[in-house]
Structures are given as structure tokens and as C-alpha cells.
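To keep things clear, I will list the structure first and then write my remarks on it.
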Amino acid sequence: MAPDTRTGQLWSSVLTTLEGDARIPPSLRGFLDLVEPQGVMGSVLYLEVPNDLTRDMLEQRLRVPITDSLVDNAVDIASFKIVVNLELEREEPLPDVIDDPTAEPVVSPIPSFEREPSEQSSRRVDSRLNPKYVFDNFVIGGSNRFAHAAALAVAETPAKAYNPLFIYGDSGLGKTHLLHAIGHYAEGMYPGIRVRYVSSEEFTNDFINSIANNLNQSFQQRYREVDVLLIDDIQFLRGKESTQEAFFHTFNTLHDHNKQVVITSDVAPKLLQGFEARMVSRFEWGLITDVTAPDLETRIAILRKKAEAERIQIPPEVLSVIADKVQSNIRELEGTLIRVTAFASLNRLPVTMDLAQTVLKDLFSFDEEAVVSPSDIISHTAAYFRLTVEDLHGSSRSQTIALARQIAMYLCREMTSMSLPKIGQLFGNRDHTTVMYANKKIEKLIQERRSVYTQVTELTSRIRQQQR
Ligand SMILES: Nc1ncnc2c1ncn2[C@@H]1O[C@H](COP(=O)(O)OP(=O)(O)OP(=O)(O)O)[C@@H](O)[C@H]1O
């Protein structure tokens, strides 16, 4: 909606005043650019923003300067209200506030650097779908052929093929990738289709917030007025009775109205513990399919595809040796490829068999099957950086602590099967998007900074060594 002239003018005067406001740190200024003024009602100015993060920043960190500026610029306006509109088309990447030690450790739901350029400008983006997870780059093999076919069928004809579609399997085997791929494909096939991706932890938080803020109706609208609901890692609703109840009603409403539901989980419906029988029976209404660990050929094909996507030349025998080493988790498989290519680029060496063997020896000189616990990762990381465990859990934004914390989060994601929200909880109840950001950031730094590569590699060895 275009603002009326007065609202538009008012907001630009507010922005002009704020330009000279020393209370606003540079890292927060970018959030102001994401605001769309909508109109004035009574003495309230209504603003629209594209995501929860921007709303939180404006409400928590910029409320006072904005209100002061409003009062300065319009005698009859006393406050502002913010509405999140996920549909707002955005070309600007969200501001990156992580590197600023004074800034809040929060990030966008999908960090801007993950978006393809075409995603940023030419079409409406559902910011909940990760543009990297599409069918085109999903490698099909015996371990996932059925799940892939079912996912594609559902994406082609939502609510006609299988409803619900239930995909289960161990961590890092492509369930989330398939969920997002369904969303993208359906959006491409049916312009205007309403797709919503949500992890079950986000669903839970959303539900709890809706109760706390008396927003049950908008919660219901958010989840019931969609054509395709993609819900990830349903096992995390275990034992949460009220949230399960809310999901049960959402599910029924969607199903009754011929809307597609796709669910992922770490185990088959029958093995889900802490779920009511009526829920489980609904999960079994449609099609249940699993993803298992890929065989060697599929692992090599996944590595080849990843190398092509990153435009890295890697000899086939190197791909084979990596695929041979990492067998049961595709996330770890990709992580290992990154370590090998990072080592080569940091040392300005070509990726050869010898080089790969050296890196793999460092990474896998210990028992890979040993179970690594997050507390081991945290205590080792703290000791390595001469910090305390509390530093990593806490909120200090000193650069050393922030980097150590991000490395610990990265290692938790790589070495354990914990979900992003669980890792966030572990590190002082941080949002899952913060963990997602930390992951991407460390993955990038490993390839760009020798110091970070060495720190992560040494830490990995120490943690593994302890498991012996
Ligand atoms: N068949 C595949 N082809 C290409 N990449 C894949 C495939 N399967 C998984 N991946 C990649 O492996 C990584 C982990 O996959 P994903 O996050 O979908 O796993 P998951 O099963 O949802 O794990 P979790 O239960 O821990 O969330 C992602 O980067 C994904 O793109």
C-alpha cells in the first residue's frame, strides 16, 4: 500500500531528524531503510516492516529516538505501531549487525548472503524458504528416491497426491532440503499460492507468544490461511500438549479445506513419543516415506554437485576419498569438502589427493562414530580460547567471545544432531536464526581466514580426541 502524502512526508522528516541522532549506532541504521510508512490513525503512525527482526530492533532499540523524532515533526502524533508484513518485497539485504560488538546478536531469518541475486529483486520472496534448497540441486539415489518422488508429486499437485506427506530420517539426510524444495516448486507452478515453512520449535514459540499477547486469531490466520504448510522436525512437539492441540486443529482445518501439509521427523509416526494417538493416526493418513544414509555413489554425486555449485575444480579421486570417509550425514559430508577446499585455498595449493589425505587425517584420526556431546564442545571451545563456559552462554559481544561462541555453535551443528533452535537454547536462549548465521559465518571464515581454519580444525581434533 502506498502511504498518503502526509504520511510519506512525515516519515521522511522523521528519517532526516534521525540522521543526526547520535543515539542510533550505525549498525542499526539499515533497519530504518526497511520501514514502509502506512498511514496515521488517531495519534498513531503505522509502519510496516518485512520481518520480526526489524520489528524487534525498532521496538527495542530505536523506540525512543523514533518517538522523539515523531513528536518533533508532528504535534498530533504521539506514538507508532509496527506491523510485520512478510510479503513486503525487499531488495535490500538485511543489515548485518553481528560484527558490531555493541549490536544485538540477532540476524535475519535468511541471511542476505544466502539469497541468489535473482531472489533479491525480481520476484516476491517468501523469506521463510531457503533459496539454496531446490529440487534441481537435490541428488537422487536409492536412499532418497521414494521421498524425492513423493515430494515432487506433492509439489506438483498440492493436496491431491498425498496428504499429509510425512518424511522421516536421521539428521542431515535432506529432509529440510526436500521441504523447502516443495515450497519453491509449488510457488513456481502456482503463482499466488500461499506456502509457509516453519520448524516445530518456531511453531511452538509462535503459539506461546500468541497466547501471551492475546493474538490467537492472528496465529490461527497465519497457519490456517495457507495452501501448503511445511512443518519441520515435528518430534520437538513431544510432550507439549497445548502446542500439539493447536497443531491438531491447524492440521484438521487445513486437511478439511484440501490444503497440503508436509511433515518431517527424526522417526516414523508410530515411534514418535509423547504424542497423542489421534495426532499419530493423522500423520498416517497420507504417505509416509523415509530418507536413509546415501550409498557411496550418491555421496560422490552430492559432492560433485556441491563442487560444481561452488565452481571449485576437484579431482574425482578426491571426491571419492571424502565420500568414503563420511558415510552417514550429508551435512558433515559437505563440511568435510569445505575443509579440504579451504585448506587448499588458504595455502594457495591445488586440491590434490595428498592434500585431501592430510586434511582428512587431521579431521578423522579419531573415532568418528563416538558420540560428541554439546557440553564437550562448549567446554573445549571455552578452554581453547581461554574463556569460561559462562562466557559462551552469556551475552558479551566482545569480538573474541562472539567468535568463540559462533565457532562452538558451528561445531555443535556439525558434530551433533541438535537442531538450530536447540543449539540456540543451549547458548543462552538465542534465536535459531542466530545459530544459522553463526554457521554460515564460520563456514565462510574457514575459507577466508587461516586463523579461523586452524582454530576450528584444532578444536575438532581435541573434541574427537577426548572421545577415544
Ligand atoms: N540428496 C541430496 N542432494 C544434495 N544435497 C543434499 C541432499 N541431502 C541432503 N543434502 C544437503 O545436506 C545438508 C543437510 O540436509 P538437511 O538440512 O535437509 O537435513 P535434515 O535431514 O533436515 O537434517 P536435520 O534433521 O538435522 O534438520 C543440506 O545442506 C542439504 O542441502
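In listed order, ligands and their atoms are each counted from 1. The figures here come from the full heavy-atom set of this structure, side chains too, leaving out hydrogens, waters and symmetry mates. Since the structure is predicted, the reported quantities are computational estimates derived from the model, not experimental observations.
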I'd like to know whether CZ of F146 has more than 12 heavy-atom contacts from other residues, nucleotides or ligands below 6.0 angstrom. no
Are any of the side-chain heavy atoms of V226 and V195 separated by less than 4.5 Å? no
Distance filter under 4.0 Å to N144 heavy atoms, resulting ligand 1 atoms: 1 (N)
Check each atom of ligand 1 against the heavy atoms of D170 and keep those under 4.0 Å away; list them by number with element. 21 (O)
Closest to atom 28 (C) of ligand 1 (judged by heavy-atom distance), picking from F135, Y168, Y133: Y133
Looking at every non-hydrogen atom in both residues, tell me the closest pair between N163 and K259 and how far apart they are. ND2-O, 2.8 Å
Looking at F135 versus H184, is the centre-to-centre ring distance below 6.0 Å? no
Taking only heavy atoms of N137, which atoms of ligand 1 are found under 4.0 Å from at least one of them? 3 (N), 4 (C)
Within a distance under 4.0 Å of any heavy atom of L173, pick out the atoms of ligand 1 and give their elements. 8 (N), 9 (C), 19 (O), 20 (P), 21 (O)
Does I302 approach ligand 1 within less than 4.0 angstrom via side chain, backbone, both or neither, non-hydrogen atoms only? side chain
Report yes if some heavy atom in the side chain of H257 is under 4.5 Å from a heavy atom in the side chain of R224; otherwise report no. no
Heavy-atom distances under 4.0 Å are what count here, so tell me which part of D233 touches ligand 1: side chain, backbone, both or neither. side chain
Which part of K132 is near ligand 1, with near meaning a heavy atom under 4.0 Å away: side chain, backbone, both or neither? neither
Are R304 and E308 close enough for a salt bridge, meaning some N to O gap below 4.0 Å? no
Nearest neighbour in protein (non-hydrogen) for atom 8 (N) of ligand 1: I330 CD1, 3.3 Å
Ring center gap for F247 and Y223 short of 6.0 angstrom: no
